[in-house]
Amino acid sequence: VEPINNGGGVLGQPLEIVHKDGGTSSQVAIEAARALINVDGVKAIVGPLGSGATQSVAETVTIPQQIVQISPSATSPALTVLEDNDFLFRTTVSDAAQGVILARVAREQGFNTASALYINNAYGEGLANVFKENFEREGGRVIELVPQESGQPSYVSELRRATEGNPDVLVAIGYPESAGVYLREALEGQFTDQFMFVDGTKSQDMFDRLGSEQFEGSFGTAPGAPDSDAKSTFESLYEEKFGELPTNPFIGETFDAMVLIALAIEKAGENDGPAIRDALRDVANPPGEVVGPGDLTRALELIGDDQDIDYEGVAGSQNIDENGDVSNTIEIWKIEGGKIVSTGQFESP
């Protein structure tokens, strides 16, 4: 928001952000979205984070009320085909892509068999199924896909089921609050010591709590873009503000979502849901002068002069297709020296 407001804000006014916690829960997120719209009067929402909550908010709140919703991290393939009247967008790539790359990396690491523990929601189920389809297409065999509910004190029964056939690797598809429990139990109970991870389990805090040395050399995938001027500029802005570089996933995608909404409001000339929706592709897609995180003042000036712009984001091009999706790359990361590091590999299906 700061670089937008430093450039004059939108429609001549400072941009204001109102936060509500979605709690990665559909019901909590629905109530948060209703409060944002009905109490705070917002016309566009960045979020929620999880796919299940994103779909619930869209179907229950934002689509009926004609509010633009951009999730920076909801990756379920089901969102692509949702009947949303073009009000639901995302700045992260679908798990239809991540599942392909996850399977490819697993085979490249020499794993012939695999099982997965997945969070029982649209995100977990969608990614697990795409992984299975592609892992087996690559010549591997998935022994078990085991759903798990969040918030349980123990996952020993799920672990037994997932590892009964002695898979070469266990894929942890979920969120840190649950994965942190079953990963500890997997190690302590000697169920397995070979793991792979995804965007939802890309958490340095989780690995630090568990003892990151126990996962040394493990690989994971997450939406991510290769180095670019946009990414470098964003990292400089972030480090200047917070004193460190971002390590959690979807920080860049969140920045991109916020910027696109701001530029679309300026382009539309009004803070109105349908007008913002109709202007999003105008500021995100070619043709137009390419602008990035360091050019937001210039972008606002160009819009004010009725010129076309093409926003190239931290997370990639951010060109929005007819389904509200973007087609960016998947980053392959690993645990090295106890830290999450990029391998420098960014792949597309």
Side-chain angles (χ1 to χ4, degrees), residues 24 49-54 71-79 90 92-109 111 114-135 138 140 142 144-148 150 155 158 162 167-183 186 192 194-207 210 212 215 217-225 247-253 315 328-335 340-343 345-349:
T24 63
L49 293 181
S51 294
T54 294
S71 175
S73 60
T75 52
S76 170
L79 299 180
R90 50 184 163 183
T92 188
V93 65
S94 166
D95 279 331
Q98 184 175 190
V100 175
I101 306 307
L102 181 66
R104 185 184 300 167
V105 175
R107 292 294 287 139
E108 288 172 352
Q109 293 306 304
F111 299 130
S115 288
L117 268 177
Y118 69 88
I119 184 73
N120 191 19
N121 62 16
Y123 159 67
E125 183 178 10
L127 181 49
N129 286 332
V130 174
F131 169 75
K132 173 180 168 64
E133 177 185 346
N134 286 276
F135 187 72
E138 295 275 348
V142 171
E144 288 284 355
L145 296 179
V146 182
Q148 51 91 188
S150 62
Y155 294 92
E158 288 88 346
D168 295 337
V169 65
L170 179 65
V171 186
I173 300 174
Y175 308 127
E177 62 264 31
S178 301
V181 176
Y182 65 69
L183 290 169
T192 183
Q194 292 291 326
F195 304 97
M196 286 190 68
F197 302 97
V198 294
D199 51 335
T201 43
K202 185 184 180 185
S203 168
Q204 187 66 55
D205 287 344
M206 180 186 74
F207 292 122
L210 293 169
S212 56
F215 304 96
S218 296
F219 284 83
T221 55
T247 58
N248 289 331
F250 306 118
I251 303 296
E253 286 85 348
N328 291 322
T329 54
I330 300 296
E331 179 181 23
I332 301 167
W333 55 273
K334 67 182 297 188
I335 303 295
I340 294 172
V341 298
S342 176
T343 65
Q345 294 175 263
F346 300 86
E347 298 187 8
S348 298

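Residue numbers count from 1 along this sequence.
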With a 4.5 Å limit on heavy-atom distance, are the side chains of Asp199 and Thr221 in contact? no
Nearest atoms (heavy-atom pairs only) where Tyr118 meets Glu125: CD1-N, 3.6 Å
Side chain to side chain, Lys202 and Glu331, heavy atoms closer than 4.5 Å: yes
So do Val171 and Phe111 actually touch side chain to side chain, heavy atoms under 4.5 Å? no
On a heavy-atom basis, the closest approach of Leu145 and Ala128 is CD1-O, 3.9 Å
Minimum heavy-atom separation for Phe195 and Val169, please, with both atom names. C-CG2, 3.6 Å
Aromatic ring pairing Phe215/Phe197, orientation class (parallel under 30°, perpendicular over 60°, tilted between): perpendicular
If you apply the rule side chain to side chain contact (heavy atoms under 4.5 Å, CB included), what do you find for Met206 with Leu183, and how did you get there? CA-CA 10 Å; Met206 180 186 74; Leu183 290 169; 3.8 Å; yes
Contacts of Glu253 that satisfy side chain to side chain contact (heavy atoms under 4.5 Å, CB included) - sequence neighbours left out: Pro72, Thr91, Thr92, Pro223, Phe250, Ala315
Evaluate the criterion side chain to side chain contact (heavy atoms under 4.5 Å, CB included) for residue pair Phe131 and Val198; output intermediate values, then yes/no. CA-CA 11 Å; Phe131 169 75; Val198 294; over 6 Å; no
If I compare all heavy atoms of Ala225 with all of Thr329, which pair ends up nearest, and what's the gap? CA-OG1, 3.7 Å
Using every non-hydrogen atom in the two residues, find where Ala96 and Val130 come nearest and quote the distance to one decimal. O-CG1, 3.9 Å
Considering all heavy atoms of both residues, which atom of Tyr175 and which atom of Gly50 are nearest to each other, and what is their separation? OH-CA, 3.8 Å
Quick one, Ile332 and Glu347 - any side-chain contact, counting heavy atoms below 4.5 Å? yes
Report yes or no: does Asp95 contribute a side-chain atom to a donor-acceptor pair with the main-chain N or O of Gln98 at less than 3.5 Å? no
In chain order, what residues pass the side chain to side chain contact (heavy atoms under 4.5 Å, CB included) check against Ser51, with sequence neighbours excluded? Ala74, Thr75, Ser76, Ala122, Tyr123
Does the side chain of Gln148 come within less than 4.5 Å of Ile119's, by heavy atoms? yes
Rounded distance [0.5 Å steps], CD in Gln109 versus CD in Gln194: 9.5 Å
